[in-house]
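Shown next, in structure tokens, is the structure this report addresses.
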2 protein chains.
Amino acid sequence: MLDLAILGLLEERGDLHGYEIRKQLREGLGLLANVSFGSLYPALARLEAAGAVEATEALEPVEPPAAPVPPTGSLSGEWAVLRSRRRATRRGRGRRSRKVYRITDRGRSLFADLLTGQGAADDPRSFGLRLAFARHLPAPARLALLERRRLQLTERLAEVRTAGGQDALDVYARAVVDHMADALQHDIGWLDRLIETERSAATPGAALAPGATAAVGGGAR
Amino acid sequence: MLDLAILGLLEERGDLHGYEIRKQLREGLGLLANVSFGSLYPALARLEAAGAVEATEALEPVEPPAAPVPPTGSLSGEWAVLRSRRRATRRGRGRRSRKVYRITDRGRSLFADLLTGQGAADDPRSFGLRLAFARHLPAPARLALLERRRLQLTERLAEVRTAGGQDALDVYARAVVDHMADALQHDIGWLDRLIETERSAATPGAALAPGATAAVGGGAR
DNA sequence: ATGGAGTATATCGATCCGATATAGCGGCGC
DNA sequence: GCGCCGCTATATCGGATCGATATACTCCAT
């Protein structure tokens, strides 16, 4: 449920250690907000135990070069350069432990499973996340995701309408229920636009027309 | 966090036992959905331990009348009548254990605290719940609640806009972020309408004008 | 140098959810 | 009549997440 977020981030952005993952999730995509350490570290441990990610302990020892950060050369980029430079100027005992995580093939397959995610769907965060990573999904699965979500929202709207139908509600409760229905309709409209764009990008006549998905950006602003 | 919902329900609807509380929360107000037993029963136990509610074991014994459902006369209404009628037609050993909960003065005071709830505010469910029970709040506190929420949403919108500003996002991620910003603006507009209604209902000139809050129902249709 | 701010990992307790266990009861069909 | 299904009803368990907190190292300003 945030395994998906972690795997997606590792897939798209490369290396990353716990603290960075949290930062990117809080800043990068405005979706997940929060994601406290109390959930992040257990999740990373879980993923590592499941073989979906590999952790390389990147606390460089006192000896200068002697790479104990061995496989896969240039992952950490300019950031690691700065790091080792600082270590050179200041005294040894390279900074803190710091585990850098890398996604495995096992993890990539798990990521694909979580993305389609037929098993248990519902909540809005989960959907937003899946859609944000929809690029890694084949076109039909993308469409299925959108339509499944649309169905869920429609059902929810019917429930809320039923709840709002009873007139035992006072002004404030009614305002809340009405607004909820309104927001749901708004979301459904957005999904409809996305679905239409997705469909027209896959029209049989325009089989090999790249760049056709350029106008997806919902109804924002 | 759902203590508020339970207390509010007991305050407005009277008696109620666990199963009924869940039903009313799922159907009655479309807000909270879910509220599984796994959270409800612990919450009830918690509230009972805190002295906010009193539980009367209402498994009526074999003897017909002999009220062990003693204080506060006509709480359970027609529902209890049906219940006892059925017991009369079928054999004794009145059905299942069934604890009926009643709110105490202690609970009412706790309810008031949770309603204003300066301590930790944020999440949307909590706000929706508070607003739905806003009737039990004095007018200034009501206004404060709305404005606090408005401020939070404005801050969140700024964050989301910042996140959307970076152009490293692909079409789908952008669609998600844009829609999130859009939904936030929609919510803020709704709050603005509520705030205005609330303000105009409290204009100094129209001090004793009841019924002035009749047009609150947001933009819902 | 002292101490605050930022980086970094980890754990704790509380809350909540979904699934599941248990059990009384009414009605339906055959 | 009798078995089974489904509704009412309470309770517990494991898993996920959050917020707070502990710990430690580094950098920079004073």
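Numbered from 1 within each chain, the chains take letters A, B, ... in sequence-line order.
Put simply, B:Y41 has no side-chain N or O that comes within less than 4.0 Å of OP1 or OP2 on D:dA11. Contact between the side-chain N/O atoms of A:K99 and the OP1/OP2 oxygens of C:dA10 is found at a separation under 4.0 Å.
A heavy-atom distance below 4.5 Å is not found between the side chains of A:E54 and A:R106.
One interatomic measurement links the two molecules: CZ of B:R26 to P of C:dC16, which rounds to 15 Å at whole-angstrom precision. The distance between atom CD1 of B:I21 and atom C1' of D:dT8, rounded to the nearest whole Å, is 15 Å. At whole-Å resolution of the value, CD1 in B:I6 and C1' in C:dC16 are 12 Å apart. One interatomic measurement links the two molecules: CD of B:E20 to P of D:dT8, which rounds to 9 Å at whole-angstrom precision. The CG atom of B:D123 sits 13 Å away from the C1' atom of D:dG19 (whole-angstrom rounding).
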Do any N or O atoms of the protein come closer than 3.5 Å to N or O atoms of nucleotides 14-18 of chain D, and which pairs are they?
{"residue": "D:dT17", "atom": "OP2", "partner": "A:R46", "partner atom": "NH2", "Å": "3.3"}
{"residue": "D:dC18", "atom": "OP2", "partner": "A:S39", "partner atom": "OG", "Å": "2.4"}
{"residue": "D:dC18", "atom": "N4", "partner": "A:G38", "partner atom": "O", "Å": "3.3"}

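Between A:D192 and A:R150 a salt bridge is recorded (basic side-chain N to carboxylate O distance below 4.0 Å). The pair B:R102-B:D15 fails the salt-bridge criterion, with no side-chain N (NZ, NE, NH1 or NH2) lying under 4.0 Å from an Asp/Glu carboxylate O.
Applying the side chain to side chain contact (heavy atoms under 4.5 Å, CB included) test between B:I6 and each of B:L47, B:I103, B:L16 identifies B:L47 as the sole match.
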N/O donor to acceptor pairs below 3.5 angstrom from side-chain atoms of residues 23-32 of chain B, sequence neighbours left out:
{"residue": "B:Q24", "atom": "OE1", "partner": "B:R13", "partner atom": "NE", "Å": "2.9"}
{"residue": "B:Q24", "atom": "OE1", "partner": "B:R13", "partner atom": "NH2", "Å": "3.4"}
{"residue": "B:Q24", "atom": "NE2", "partner": "B:E20", "partner atom": "OE1", "Å": "3.2"}
{"residue": "B:R26", "atom": "NH1", "partner": "B:N34", "partner atom": "O", "Å": "2.7"}

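In this structure, A:R125 places its CZ atom where only 12 or fewer heavy-atom neighbours from other residues, nucleotides or ligands lie under 6.0 Å away.
Nearest to the side-chain atoms of A:Y19 among the listed nucleotides D:dT12, C:dT7, D:dT8 stands C:dT7.
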